[in-house]
Amino acid sequence: MAARRFDRSPENIQLLAVSKNRPVADILTAFNNNQYRFGESYLQEAISKIEYLRDYPLEWHFIGPLQSNKTRLIAENFDWVQSLCNLKHAQRLNAQRPEKLPPLNICIQVNVSEEPQKSGVTLADLLTNAQAIAELPRLRLRGLMTLPAFSQDFNQQRIPFRALHTAYQQLQASGFTLDMLSMGMTNDMEAAIGEGATLVRIGTGIFGERIKKMAS
Ligand SMILES: *Cc1c(COP(=O)(O)O)cnc(C)c1O
């Protein structure tokens with residue numbers, strides 16, 4: 001519907017089902033409805049799901065915060081990392097990606113609105129980071145991802161998405177072969193689609209409200 005509203009063809013917009021905090025049964029229900037791309041943010045939880053679902057043809061995207069001590073398990077188990085924010089993590093993932101697997105697909109996470117508390121490369125640093133990451137043979141730079149400040153206002157939501165789209169086009173013009181512009185969640189997917197997203201990351205909109213983790 002959003003695609004039609006913005007004159008975009010739905011085949012060019014992929015859906016990532018964000019299954020963090022969801023049980024395996026929910027993933028299987030989505031899979032039985034032809035969904036095979038899943039996003040996870042918490043590594044331990046993700047690894048047990050990936051292992052349990054090994055025999056299903058699923059594509060796993062890591063979308064959570066990266067830390068050096070997590071890169072090995074991510075390199076060994078995921079198809080995509082969308083939350084790459086620095087070169088040190090890129091080098092670790094590159095070194096740790098098993099030879100038997102294809103290169104790890106990468107999106108650089110960009111902090112478009114330059115919120116100090118958010119992770120992500122700034123627009124000013126994007127080109128040098130992209131150049132360095134593109135040289136790593138076991139990674140394949142595919143595009144950009146952003147997680148903008150929360151807003152309920154449609155026009156406000158469009159601003160960071162437009163800025164990310166512009167940065168994406170500039171990288172393409174500098175010779176990078178990119179095909180992934182990951183932006184938009186349940187709350188702002190229409191604005192993201194309007195601004196050129198090639199993939200939206202949807203949790204609540206698919207699985208319902210997240211159940212808060214119990215304090216233990
Ligand atoms: C949780 C999460 C989403 C999905 O958010 P919803 O509001 O449930 O659609 C998308 N992207 C990232 C990076 C997330 O952490």
Side-chain angles (χ1 to χ4, degrees), residues 6 8 12-14 16 18 39 41 61-71 74-75 78-97 103-185 187-201:
F6 299 110
R8 303 235 2 239
N12 298 334
I13 307 163
Q14 302 173 355
L16 182 72
V18 177
S41 304
H61 294 234
F62 189 76
I63 61 173
L66 280 173
Q67 288 161 14
S68 292
N69 63 2
K70 295 184 184 172
T71 53
I74 292 171
F78 281 80
D79 304 294
W80 284 77
V81 172
Q82 295 202 13
S83 44
L84 189 64
C85 300
N86 70 57
L87 198 51
K88 187 182 79 179
H89 291 156
Q91 286 160 342
R92 289 180 67 90
L93 290 168
N94 179 64
Q96 293 166 344
R97 181 68 168 173
L104 184 60
N105 296 295
I106 297 290
C107 287
I108 301 176
Q109 183 173 349
V110 184
N111 185 357
V112 187
S113 29
E114 306 212 355
E115 295 166 85
Q117 76 278 18
K118 279 234 174 99
S119 44
V121 172
T122 61
L123 287 171
D125 292 338
L126 182 56
L127 181 61
T128 45
N129 276 275
Q131 283 165 335
I133 291 165
E135 282 182 10
L136 300 172
R138 302 297 296 143
L139 304 186
R140 190 159 159 229
L141 180 61
R142 299 288 297 270
L144 305 178
M145 183 274 249
T146 197
L147 193 65
F150 181 84
S151 166
Q152 284 292 13
D153 179 76
F154 181 75
N155 291 315
Q156 206 61 41
Q157 290 173 353
R158 295 185 79 145
I159 296 169
F161 294 149
R162 185 167 304 165
L164 193 72
H165 191 195
T166 302
Y168 176 76
Q169 289 175 315
Q170 283 168 348
L171 288 179
Q172 287 176 320
S174 326
F176 292 90
T177 311
L178 304 180
D179 59 1
M180 177 61 86
L181 189 55
S182 169
M183 53 188 201
M185 318 194 333
N187 172 60
D188 54 13
M189 60 171 270
E190 296 231 337
I193 289 170
E195 296 298 341
T198 67
L199 174 137
V200 290
R201 308 180 307 268

Exam field: side chain Gln157 to backbone Ser151, donor-acceptor pair closer than 3.5 Å: yes

Counting only heavy atoms not in Arg8 (residues, nucleotides, ligands), do more than 12 fall under 6.0 Å from its CZ? yes

First locate atom CD1 of Ile74, then atom CZ of Phe62, and finally report the distance between them rounded to the nearest 0.5 Å. 4.0 Å

How long is the straight-line distance from CE of Met145 back to CD1 of Ile106, given to the nearest 0.5 Å? 11.5 Å

Looking at every heavy atom in both Glu190 and Phe6, which two are closest together, and how far apart are they? O-CE1, 3.1 Å

Separation between CD (Gln170) and CG (Leu123), nearest 0.5 Å, reads 8.5 Å

Donor-acceptor pair, side chain of Asp125 and main chain of Val121, under 3.5 angstrom: no

Working for side chain to side chain contact (heavy atoms under 4.5 Å, CB included), residues Glu195 and Leu164: CA-CA 9 Å; Glu195 296 298 341; Leu164 193 72; over 6 Å; no

Check: Ala191 main-chain N/O paired with Asp188 side-chain donor or acceptor under 3.5 Å: no

Can you tell if the side chain of Leu141 reaches within under 4.5 Å of the side chain of Leu171, non-hydrogen atoms only? no

Taken in chain and number order and not counting sequence neighbours, the residues that satisfy side-chain contact (heavy atoms from CB on, under 4.5 Å) with Glu115 are Asn111, Ser113, Gln117, Lys118, Ala149

Rounded to the nearest 0.5 Å, the SG atom of Cys85 sits from the CG atom of Asn129 at a distance of 9.5 Å

Starting at CG of Leu178, measure out to OH of Tyr168 and round the result to the nearest 0.5 Å. 6.0 Å

Would you name the heavy atoms of Gly39 and Leu16 that are closest together and state the gap between them? N-CD1, 3.7 Å

Quick one: does Asp179's side chain get under 4.5 Å of Arg142's, heavy atoms only? yes

Distance in Å, Met183 CE paired with Leu144 CG, rounded so as to fall on 0.5 Å steps: 9.5 Å

Begin with the C-alpha distance, continue with both residues' side-chain angles, and end with the deciding distance and a verdict on side chain to side chain contact (heavy atoms under 4.5 Å, CB included) for Thr198 and Gln14. CA-CA 6 Å; Thr198 67; Gln14 302 173 355; 5.8 Å; no

Which heavy atom in Pro65 sits nearest to a heavy atom in Ser41, and how many Å separate them? CD-O, 4.2 Å

With sequence neighbours left out, the residues meeting side-chain contact (heavy atoms from CB on, under 4.5 Å) with Pro160 are Val112, Pro148

Taking side chain as C-beta onward, heavy atoms only, is Arg201 less than 4.5 Å from His61? no

How far apart are the closest heavy atoms of Gly64 and Ser83, and which atoms are they? O-OG, 2.7 Å

The salt bridge (Lys or Arg N to Asp or Glu O under 4.0 Å) partners of Asp79 (sequence neighbours excluded) come to none

Closest non-hydrogen atoms of Arg158 and Gly194, given as atom of the first, atom of the second and distance, are NH2-O, 3.8 Å

Step by step, work out the side chain to side chain contact (heavy atoms under 4.5 Å, CB included) result for Phe176 and Leu127. CA-CA 10 Å; Phe176 292 90; Leu127 181 61; 3.8 Å; yes

Are side-chain heavy atoms of Leu104 and Arg138 found at a separation under 4.5 Å? no

Show the numbers, then the answer: is there a side chain to side chain contact (heavy atoms under 4.5 Å, CB included) between Leu87 and Ile133? CA-CA 7 Å; Leu87 198 51; Ile133 291 165; 4.0 Å; yes

If I compare all heavy atoms of Met180 with all of Cys107, which pair ends up nearest, and what's the gap? CG-SG, 3.4 Å

Side-chain contact test, heavy atoms from C-beta onward, threshold under 4.5 Å: evaluate it for Leu126 versus Ile108 and give yes or no. yes

So among Lys88, Gln96, Arg97, Gln91, which one has a side chain to side chain donor-acceptor pair (under 3.5 Å) with Thr71? Gln96

